[in-house]
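Start at 1 and go down the list; that is how both ligands and their atoms are numbered. Numbers for residues simply follow the sequence, beginning at 1.
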Amino acid sequence: MEQIEQLRQTLRQYEYEYHVLDNPSVPDAEYDRLMNELKNIEWQHPELITLDSPTQRVGAKPLAGFAQVIHKIPMLSLDNAFGDDDLDGFLRRIESYIHVSSSQLTFCCEPKLDGLAVSILYENGLLTRAATRGDGTTGEDITANIRTIRNIPLKLNTLNPPARLEVRGEVFMPQVGFNELNEKALAKGEKTFANPRNAAAGSLRQLDPKITRQRPLIFNAYGIGVYESDDELPNTQFERLQWLKSLGIPVNDEICLAQGRTALLAYYTDIQTKRPTLGYDIDGTVLKVNDIALQEQLGFISRSPRWAIAYKFPAQEQMTI
Ligand SMILES: Cc1ccc2cc(C(N)=O)cc(O)c2n1
């Protein structure tokens, strides 16, 4: 591998350690030194610049507007459950539909991140397009802004990438970053955001990627949309998320498996207890039938999956800013 690609790979590894593992192996000064070295080489030889170079995170200039993106596979929203009886209704519907007792069913459980759903397309391992969920069928092309989010890899960490992989997940803003953003805005007499979700949405809908780049945004994947490859995907939701993780794509640390009603209630209670210490807003949990074949058997009810439910917390009294 020639020297410039070696340099890029090293910088990708350092970015991954810092922004995904939260565990850098070198001091920031070393990262900065190598990044400047790469920038100098590319400045002298612009013909060597590649789409996936770590220098290519910030777009050139502001956009005039956002192009539209049609989602080949609709990005559906989740049906809500607010209390145990709603959860029981969800479980009973599944039991009657596929004649399996819910005590035998394994669910992939995760915190429901309070951010903005996005779709990120990788073609032959390179990030080529990203879009908002929009109305589920049509979203906005926010590729330039998504590329500025440090924990989103510009290149998948694999020697044989799938031809096409659409990663779906949530972009959110941690509470500390949100508070700092609002303090700076106040100091400059600019408008403040009501909550981290609005701040994340506002940051992603910036026409100038240089502004988005300055915002503390984080991405966590929760699923796969379009997938084209000679290799099959894993057969369960949980294993698919582990596979995404192996490609260098960030997945939330609180995701785990639970079998049967009692374990689901325990997960819900556990996340509710952890909620104040997570450092980012969540508004409940997401429970999904883990087995993909069962998900396909269960299908969707009009606009939301029969195989998944957002098990929400009671509405919190909103903080007044
Ligand atoms: C299918 C689907 C739709 C929306 C979702 C939203 C979240 C979320 N906000 O964390 C997590 C998921 O696993 C989701 N899954």
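The proximity of Glu110 to ligand 1, defined as any non-hydrogen pair under 4.0 Å, is limited to the side chain. Contact annotation for Glu170 and ligand 1: only side-chain heavy atoms (C-beta onward) come within less than 4.0 Å of the ligand.
No side-chain N or O of Arg275 forms a donor-acceptor pair with one of Gln272 less than 3.5 Å apart. Between the side chains of Tyr311 and Asp84, a donor-acceptor pair is found at a separation under 3.5 Å. Looking at Tyr31 and Glu15, their side chains do bring a donor and an acceptor atom within 3.5 Å of each other. In the model, Gln13 has a side-chain atom that pairs as donor or acceptor with a side-chain atom of Glu17 under 3.5 Å. Side-chain contact of Tyr280 with Asn252: a donor-acceptor pair under 3.5 Å is present, judged by distance alone. Remark: the Ser53 side chain and the Gln56 side chain contain no N/O donor-acceptor pair separated by less than 3.5 Å.
Per-residue contacts place Leu78 under 4.0 angstrom from the following atoms of ligand 1 (heavy atoms of the residue considered): 1 (C), 2 (C), 3 (C), 4 (C), 5 (C), 14 (C). Atoms of ligand 1 found under 4.0 Å from any heavy atom of Lys288 (numbered from 1 in listed order, with element): 1 (C), 2 (C), 12 (C), 13 (O), 14 (C), 15 (N). Every atom of ligand 1 with a heavy atom of Leu76 under 4.0 Å away is listed here by number and element: 3 (C). Using a 4.0 Å cut-off to heavy atoms of Lys112, the atoms of ligand 1 that qualify are 8 (C), 9 (N), 10 (O).
Inclusion of Trp307 in the set of residues having an N or O under 3.5 Å from an N or O of ligand 1 is not warranted. Taking only nitrogen or oxygen atoms, main chain and side chain alike, Val286 does not reach within less than 3.5 Å of ligand 1.
At least one heavy atom of Pro111 sits closer than 4.0 Å to an atom of ligand 1.
Given atom 10 (O) of ligand 1, the protein heavy atom at minimum distance is Leu113 N, 2.9 Å. Here the protein heavy atom with the shortest distance to atom 12 (C) of ligand 1 is Tyr222 CG, 3.3 Å.
A 4.5 Å side-chain heavy-atom check between Gln237 and Ile292 finds at least one atom pair inside the cut-off.
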Do Ser119 and Glu166 pass the side chain to side chain donor-acceptor pair (under 3.5 Å) test, and can you show the C-alpha distance, the side-chain angles, and the key distance before you say yes or no? CA-CA 6 Å; Ser119 156; Glu166 181 196 359; 2.6 Å; yes
